[in-house]
Number of protein chains: 2
Amino acid sequence: MMGPGGVPGEQQGGAGAKRPGRSAADRAYLVVREAIASGRLRGGEPVREEQVAKEIGVSRTPVREALRRLAAEGLVELEARRGARVARFEAEEVDEIFSLRVELESHAAALAAQRAGADDVAKLAALCEEMREAAEAFLADPCAGLEAVTDLNNRFHAKVLEVAGNRRLASVVEAVVQRALVERTFHGYSADQLRRSCRHHEEVVEAIAAGDPEWAEAVMRTHILAGRAVAKGVAQ
Amino acid sequence: MMGPGGVPGEQQGGAGAKRPGRSAADRAYLVVREAIASGRLRGGEPVREEQVAKEIGVSRTPVREALRRLAAEGLVELEARRGARVARFEAEEVDEIFSLRVELESHAAALAAQRAGADDVAKLAALCEEMREAAEAFLADPCAGLEAVTDLNNRFHAKVLEVAGNRRLASVVEAVVQRALVERTFHGYSADQLRRSCRHHEEVVEAIAAGDPEWAEAVMRTHILAGRAVAKGVAQ
DNA sequence: CCTGCCAGTTTCGTATGCAATTGGTCTGAC
DNA sequence: GTCAGACCAATTGCATACGAAACTGGCAGG
């Protein structure tokens, strides 16, 4: 193998030659996260530093960093000297996560209703509309994939948090929400459930536009509790 | 300097030879955290990896890990290639943190009231009593220090979260609460405020013992909002 | 047959070295 | 006097090396 330092520019060796702009640690983070979200890595499975490192063509150092980040988010569990394992989403865990989302995001919706400006409302409405279109496209042709839907869903929720104006609240939700889980949940949605989810978003926008925090909070609570009901079914 | 690997057992060289049981990364984490909590490191100040490493007698690797952990908790801010700086707790930030605590911990108190068993209540009551004694000891002789008080306060809040039975809620609060800030806040308490804080704890226990979630939630909300009012004054 | 012990192997935790980037400063031109 | 460009020092990001703990298998003893 190459000596300390290696060949200067040679870093994109393996199959993981992705975004040159991102750091190796970021790439490792994204790769492992994606593997978990897609189900390629199952709950309870160990994640070996060296294996991941080899797979994406970096050393163990950035992989370690990525695993610590994932552990902080609860996606993997670390045990000293025993490495990382993919966290299990047992039904109980799913319940905990969604129960937290209920409290945090409904509170965020209430704050958003108090603070939103016209441009915020317009942006939220646009995201809603796009998501509805993406959902209909998916329902018409499932080959289209759910990526667009999940992405717009994430952006909608993120925008509500942004409008709420508490950055720390946003980062906590970001940390706890486990998009991996949310994405899996979407796969479990029926057509009706998916459409209902879109309608919930629309009603959230309406409540925010009306500047009615209680309404916004109630709708968001409804929305997430409905999601929880589906998610309980897809826990592994 | 010694070659790669160095002298086998030589690790406790510097002044940081503290707990042999903890890993170097843990020690680095605790040292930096303590430096921030005590005010030795001020907001905005850079934290250099090598400097910390030398100070506690380890290499940069565990220090890096510690800094990432602190960044995940919001105690320091990282910029790529530019290192870590101690996060500023502006008044606005303090407000955000305490606003989150209000929502999360009052919810936890409500859950705890629904789930607590007799032994949980006894444990909470004992922590309360100990804290009251520690507080009185401190008020009688300020040289006694606030460490015991802050420690018992932390343990009380942690116990409420534990009884609430949502581990993820507990870990989110743990991540967001910034004990560093809470500890600084205690230093700003007057005698009356400190005693009131103890009384709040006692009333939380009473509400939990009564199995009254709404009461418990309301008391905890009161307790944390009272803390917020003081904290706003000690933001740097 | 089951249990405890030992050696080999695997994997983590940490130390160290090199390359790249960034920020500051110095010089020179306008 | 001010600004642009280039050099230099400081510092991070990553790769690699090594020691130590934990898991594995086999073997001996009960």
Side-chain angles (χ1 to χ4, degrees), chain A residues 1-14 16-32 44-71 76-86, chain B residues 1-14 16-32 44-71 76-86:
Chain A
M1 294 260 160
M2 53 191 180
V7 181
E10 207 276 324
Q11 282 188 8
Q12 312 284 336
K18 303 209 159 176
R19 315 266 174 73
R22 297 201 179 277
S23 71
D26 284 345
R27 276 182 290 147
Y29 171 82
L30 291 171
V31 164
V32 177
E45 209 166 320
V47 187
R48 311 228 174 279
E49 294 174 1
E50 184 127 30
Q51 184 183 318
V52 175
K54 196 172 288 183
E55 192 176 326
I56 67 178
V58 300
S59 79
R60 279 174 50 218
T61 308
V63 174
R64 279 178 68 76
E65 184 180 325
L67 289 177
R68 306 296 157 144
R69 236 191 285 176
L70 290 163
V76 307
E77 284 163 5
L78 295 178
E79 258 181 305
R81 295 254 173 218
R82 301 191 47 191
R85 322 180 78 82
V86 178
Chain B
M1 290 276 151
M2 53 191 180
V7 181
E10 207 276 324
Q11 281 189 9
Q12 310 283 338
K18 304 208 164 181
R19 316 263 174 76
R22 298 199 179 278
S23 70
D26 284 344
R27 277 183 289 146
Y29 170 83
L30 291 171
V31 164
V32 176
E45 209 167 319
V47 186
R48 310 234 173 277
E49 294 176 1
E50 185 128 29
Q51 184 183 318
V52 175
K54 195 172 291 184
E55 192 175 326
I56 67 177
V58 299
S59 80
R60 280 175 48 218
T61 308
V63 174
R64 280 177 68 77
E65 182 180 326
L67 290 177
R68 305 298 157 140
R69 236 192 285 176
L70 290 163
V76 307
E77 285 162 5
L78 294 177
E79 260 181 305
R81 295 263 175 210
R82 299 190 49 192
R85 319 182 80 80
V86 179

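Bear in mind that the values here come from a model prediction, so they are computed numbers and not experimental data.
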Tabulated below should be each protein N or O lying under 3.5 Å from an N or O of nucleotides 6-10 of chain C; please produce it.
none

Tabulate protein N/O versus nucleotide N/O from nucleotides 5-9 of chain D, keeping only pairs under 3.5 Å, one per line.
none

List, with names and distances, any nitrogen or oxygen atoms from the protein found under 3.5 Å away from nitrogen or oxygen atoms belonging to nucleotides 22-24 of chain C.
unit_1: C:dG23; atom_1: OP1; unit_2: B:R82; atom_2: NE; d: 2.8
unit_1: C:dG23; atom_1: OP1; unit_2: B:R82; atom_2: NH1; d: 3.1
unit_1: C:dG23; atom_1: OP1; unit_2: B:R82; atom_2: NH2; d: 3.4

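One atom, CD of B:E49, and another, P of C:dT16, lie 15 Å apart when rounded to the nearest Å. Between the CZ atom of A:R22 and the P atom of D:dG13 there is a distance of 15 Å, given to the nearest Å. In this structure, B:Q51 atom CD and D:dT12 atom C1' are separated by 15 Å, rounded to whole Å. Atom P of nucleotide C:dC12 and atom CZ of A:R68 are separated by 9 Å, given to the nearest angstrom. Between the P atom of D:dT12 and the CZ atom of B:R85 lies a distance of 11 Å, rounded to the nearest Å. Separating the CG atom of A:L67 from the P atom of C:dT11 is a distance of 14 Å, rounded to the nearest angstrom. Computed from coordinates, the B:L78 CG to D:dT12 P distance equals 10 Å when rounded to whole Å. Atoms CZ (A:R64) and P (C:dC12) sit 8 Å apart, rounded to a whole Å.
Remark: B:R68 engages A:E65 in a side chain to side chain donor-acceptor pair (under 3.5 Å) (not counting sequence neighbours). With sequence neighbours excluded, no residue satisfies side chain to side chain contact (heavy atoms under 4.5 Å, CB included) with A:A80. When the salt bridge (charged side-chain N to carboxylate O under 4.0 Å, His left out) test is applied to A:R82, the partners found at least two apart in sequence or on another chain are A:E79. By the side chain to side chain contact (heavy atoms under 4.5 Å, CB included) test, A:S59 pairs with A:T61, A:P62, sequence neighbours left out. Scored by the side chain to side chain donor-acceptor pair (under 3.5 Å) test, B:E49 finds B:R60, B:R64 as partners (sequence neighbours excluded). Annotation: salt bridge (charged side-chain N to carboxylate O under 4.0 Å, His left out) contacts of A:R48 (sequence neighbours excluded): none.
Crowding of B:E45 atom CD: a count of heavy atoms from other residues, nucleotides or ligands under 6.0 Å exceeding 12.
Checked by distance alone, A:T61 brings a side-chain donor or acceptor within 3.5 Å of a matching partner on the base of D:dT16.
Annotation: the terminal axes of the helix from C:dC1-D:dG30 to C:dC30-D:dG1 meet at 20°, where each axis is the rotation carrying the C1' atoms of four end pairs onto the next four (5 pairs per end, rounded to 10°).
Side-chain contact between A:R69 and A:D26 is present, with at least one heavy-atom pair separated by less than 4.5 Å.
With C:dG13, C:dG17, C:dA15 as the choices, the nucleotide that has an atom nearest any side-chain atom of B:R60 turns out to be C:dG17.
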